[in-house]
**Student:** 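Below is the structure I would like to discuss, written out as structure tokens.
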Number of protein chains: 2
Amino acid sequence: MSIQRDGGASPTISEVAAEAGVGRATVARTLGGYGSVSPKTREVVLAAAQRLGYRPNSVARSMSTGETRTLGVVLADVGNPFFAGVLRGIADAARRADYDVLVLSTDEDLAQEAAAIDVLVDKRVDGVILAPAAGRQARMPQIDLLEQRGIPLVLLDRLVDAVTADAVVINNREASREAVASLIEAGHRRIGFVWGPVTTEPAAGADDLRRILDSALWSDGERLLGYLEALEQAGIPFDTSLVTHVAKHESQATRAVLGMLALSDPPTAIFATETDALTGSLRALRQRGLRCPDDVSLIGFDDSSWASVMTPAMSVVAQPMHQLGKLAAECLLARMAGGVAPVATHVLEADFVRRDSVAPPPAN
Amino acid sequence: MSIQRDGGASPTISEVAAEAGVGRATVARTLGGYGSVSPKTREVVLAAAQRLGYRPNSVARSMSTGETRTLGVVLADVGNPFFAGVLRGIADAARRADYDVLVLSTDEDLAQEAAAIDVLVDKRVDGVILAPAAGRQARMPQIDLLEQRGIPLVLLDRLVDAVTADAVVINNREASREAVASLIEAGHRRIGFVWGPVTTEPAAGADDLRRILDSALWSDGERLLGYLEALEQAGIPFDTSLVTHVAKHESQATRAVLGMLALSDPPTAIFATETDALTGSLRALRQRGLRCPDDVSLIGFDDSSWASVMTPAMSVVAQPMHQLGKLAAECLLARMAGGVAPVATHVLEADFVRRDSVAPPPAN
């Protein structure tokens, strides 16, 4: 236990001891929360400490308890509305349990992710929530480091085959299959899929695509598998020219959709699996002077106030962002408290919100 | 300096000392970065530490250096797109300087703000960026605590009269005046102001409103003053029924706008000073079956992809969110490095983006 006197604001142990009329060791034991102190002495020391304006030093306290009361969170981008919503859920749950949250962004970069986990280990956080930047078949040596240090881990939004840890995700595949099926039901057979795994070349076919998905982010892969399944169930052949292959920014989504719209047999509907993919698709329609849903139907991913107040209001797959974050934090806190339940993957249901952006395809 | 052996992953000082063939005190001085060690010995110790996989313990290091290499950030809500964008700017600047960011939300609640600053002091952060929940004339005793501890502070987005600290804000008043003036120029004289200071009663008049602003958030007050100035410059009388008084959530903005639209002399244009105020206004127009800009013109605050891809595309006052956060972090880092420049308020210019949501008022 060490009390620093920077700024002169916190008294020394000696000063508290003099005020309380007890020895320094007794004060140290009382304020440090270790060793044996009688209830009455404890009360006297705490009253003296309070009179002098003593403030516990959490850095020093961490040295004696091994706890920093901090959750580490590693995600792609705090500026992204999805992760901002998730983070809010984490922060709310952490606050209720009197924990602080240390947030690091990876920009979906593996080296930044590895560095972020190193930082959190170094900071001695009590637990880690991670939305992995790695594909589902990646090796993640940093995770071993957490395990060696006994730091509990919860995966968020994405699964990694090689990592055995509690996870909180949504039912991406089923939600996507349902959204695409609703487009098919409205009469569409040429359906664009915007966003998804970042590859430099288009897939040669459905089988090639499935192979590519092994190295993709789990959530991206699942959404595309949901799309493929809906097509297969309806007997619609897979057309690689209707699936974006390089799309990481909104402007790339716009360019990809402009390319699809220039096909001799263009899509009459688009399923956009990220907010940026949806706004990028809308921008492409604007540039081509096409109307939604008269010319092209649209379904997006992630709800927002904007999606419901624009004309037409956008149909979307709404992820329970706050709930995702809250549950991830609660799972982590339970593990940190010594919970010994079997490792579990919690799958939350996304909600398909039907609004006005889907209509039958235009008559030729 | 203390090396913990949780999980057995990091060697002890004794082990490093044995590997290097030097004494424990020499290893402690070298790895702790204090005291005197010859360059050659230093090299031998670091090589031995690296061979054994030694990992410095930042909690322990903090005890010896007094640095945690962490910036504390206190803002209203990490889930709000404005603060998410600002936070991204802070995080980017912090990362470049090899600092981590500890984020706490206040929900605009003074007690939560006070608690958040206590937590950051307790965590020994090296500096604090604060978007105060307090009005411009508030007393903020927590700020004194930061000063006593010698922890530098930068105010973000909002000024507080009693606090002398570096600040980074935007030119809220001028930007709002310009936006409202553009509505007046288009022919509008009945202009609603949505959002702003949270009072339980409408203001009795312009003077009463100015008095209320003394206890409002600085940025809210400045935006409303810009609105008043634009009206005064055009000789348009202030009408208290066109200014929202209780509006903290989108649904309240919708209700307030529905109230304005039910007036015998309803507004033909609305200036909405937050994203939620704009989407809430759009929702009210939808509910009343009114079109923008044919029936009601709109100007919002804060840009987003949504604002530019919807029909009509929304004219907005675009705040440089990333730049705000980045500059706040840079100011703080400069102070932490011992910078002695005079305390400064940095005023960034918001950008008025004209799109398609403003038209002349409908002919009666």
Side-chain angles (χ1 to χ4, degrees), chain A residues 2 4 6-9 55-60 62-63 66 68 70 77-81 83-85 87-89 91-92 95 100-105 112 118-119 121-124 145 147-150 250 275-276 279-280 282-283 285-286 291 304-311 313 321-322, chain B residues 2 4 6-9 55-60 62-63 66 68 70 77-81 83-85 87-89 91-92 95 100-105 112 118-119 121-124 145 147-150 250 275-276 279-280 282-283 285-286 291 304-311 313 321-322:
Chain A
S2 151
Q4 296 180 7
D6 31 10
R55 175 178 294 276
N57 170 344
S58 75
V59 172
S62 299
M63 293 292 295
T68 56
T70 305
D77 177 6
V78 292
N80 171 310
F83 286 114
L87 186 55
R88 181 59 206 254
D92 285 351
R95 180 198 297 271
D100 302 311
V101 177
L102 187 64
V103 186
L104 298 170
S105 299
Q112 286 193 38
D118 270 2
V119 165
V121 168
D122 195 38
K123 292 267 181 194
R124 310 261 158 178
L145 185 60
E147 199 172 341
Q148 284 164 19
R149 298 305 174 101
E250 191 195 277
T275 291
D276 284 355
T279 55
L282 282 163
R283 203 177 300 283
L285 296 193
R286 277 177 77 87
R291 287 160 307 159
S304 81
S305 275
W306 289 107
S308 63
V309 299
M310 63 189 295
T311 303
M321 299 183 285
H322 190 273
Chain B
S2 151
Q4 297 179 9
D6 30 11
R55 173 178 295 275
N57 170 343
S58 75
V59 171
S62 299
M63 294 292 295
T68 56
T70 304
D77 177 7
V78 292
N80 171 312
F83 285 114
L87 186 55
R88 180 60 206 254
D92 285 351
R95 181 198 296 272
D100 302 311
V101 176
L102 187 63
V103 186
L104 298 170
S105 299
Q112 286 193 39
D118 270 1
V119 165
V121 169
D122 195 38
K123 292 266 180 193
R124 310 264 156 176
L145 184 61
E147 200 172 341
Q148 285 165 18
R149 298 305 174 100
E250 191 194 275
T275 292
D276 283 354
T279 55
L282 282 163
R283 203 177 300 282
L285 296 192
R286 276 177 78 87
R291 286 159 308 159
S304 81
S305 276
W306 289 106
S308 63
V309 297
M310 63 189 295
T311 305
M321 298 182 287
H322 190 273

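Chain letters run A, B, ... following the sequence lines, proteins first, then strands; residues in each count from 1.
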**Student:** Using a 4.5 angstrom heavy-atom cutoff, name the option from B/Leu87, B/Asp100, B/Thr311 with the most pairs to chain A.
**Tutor:**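 When all of B/Leu87, B/Asp100, B/Thr311 are compared, B/Asp100 has the most.
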**Student:** So, the side chain of B/Arg95 versus the backbone of A/Ser105: is there a donor-acceptor pair under 3.5 Å, distance only?
**Tutor:**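 Yes, the answer is positive, given that a donor and an acceptor are paired below the 3.5 Å cut-off.
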**Student:** Out of A/Met321, A/Arg291, A/Arg88, A/His322, return the one with the most heavy atom pairs under 4.5 angstrom to chain B.
**Tutor:** A/Arg88
**Student:** Go through the structure and list residues passing side chain to side chain contact (heavy atoms under 4.5 Å, CB included) with A/Met310, not counting sequence neighbours.
**Tutor:**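 Result, side chain to side chain contact (heavy atoms under 4.5 Å, CB included) vs A/Met310: A/Leu282, A/Met314, B/Trp306, B/Met310.
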**Student:** Output the option from A/Asn80, A/Thr70, A/Asp92 having the highest count of non-hydrogen pairs under 4.5 Å with chain B.
**Tutor:** A/Thr70
**Student:** What do you reckon, is CD of A/Gln112 surrounded by more than 12 foreign heavy atoms closer than 6.0 Å?
**Tutor:** yes
**Student:** Can you list everything that forms a side chain to side chain contact (heavy atoms under 4.5 Å, CB included) with A/Arg283? Sequence neighbours excluded, please.
**Tutor:** A/Glu250, A/Thr254, A/Gln287, B/Ser305, B/Ser308, B/Val309
**Student:** Less than 4.5 Å to any heavy atom of chain B: does that hold for the side chain of A/Asp77, its backbone, both, or neither?
**Tutor:**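 Both backbone and side chain of A/Asp77 come within 4.5 Å of chain B.
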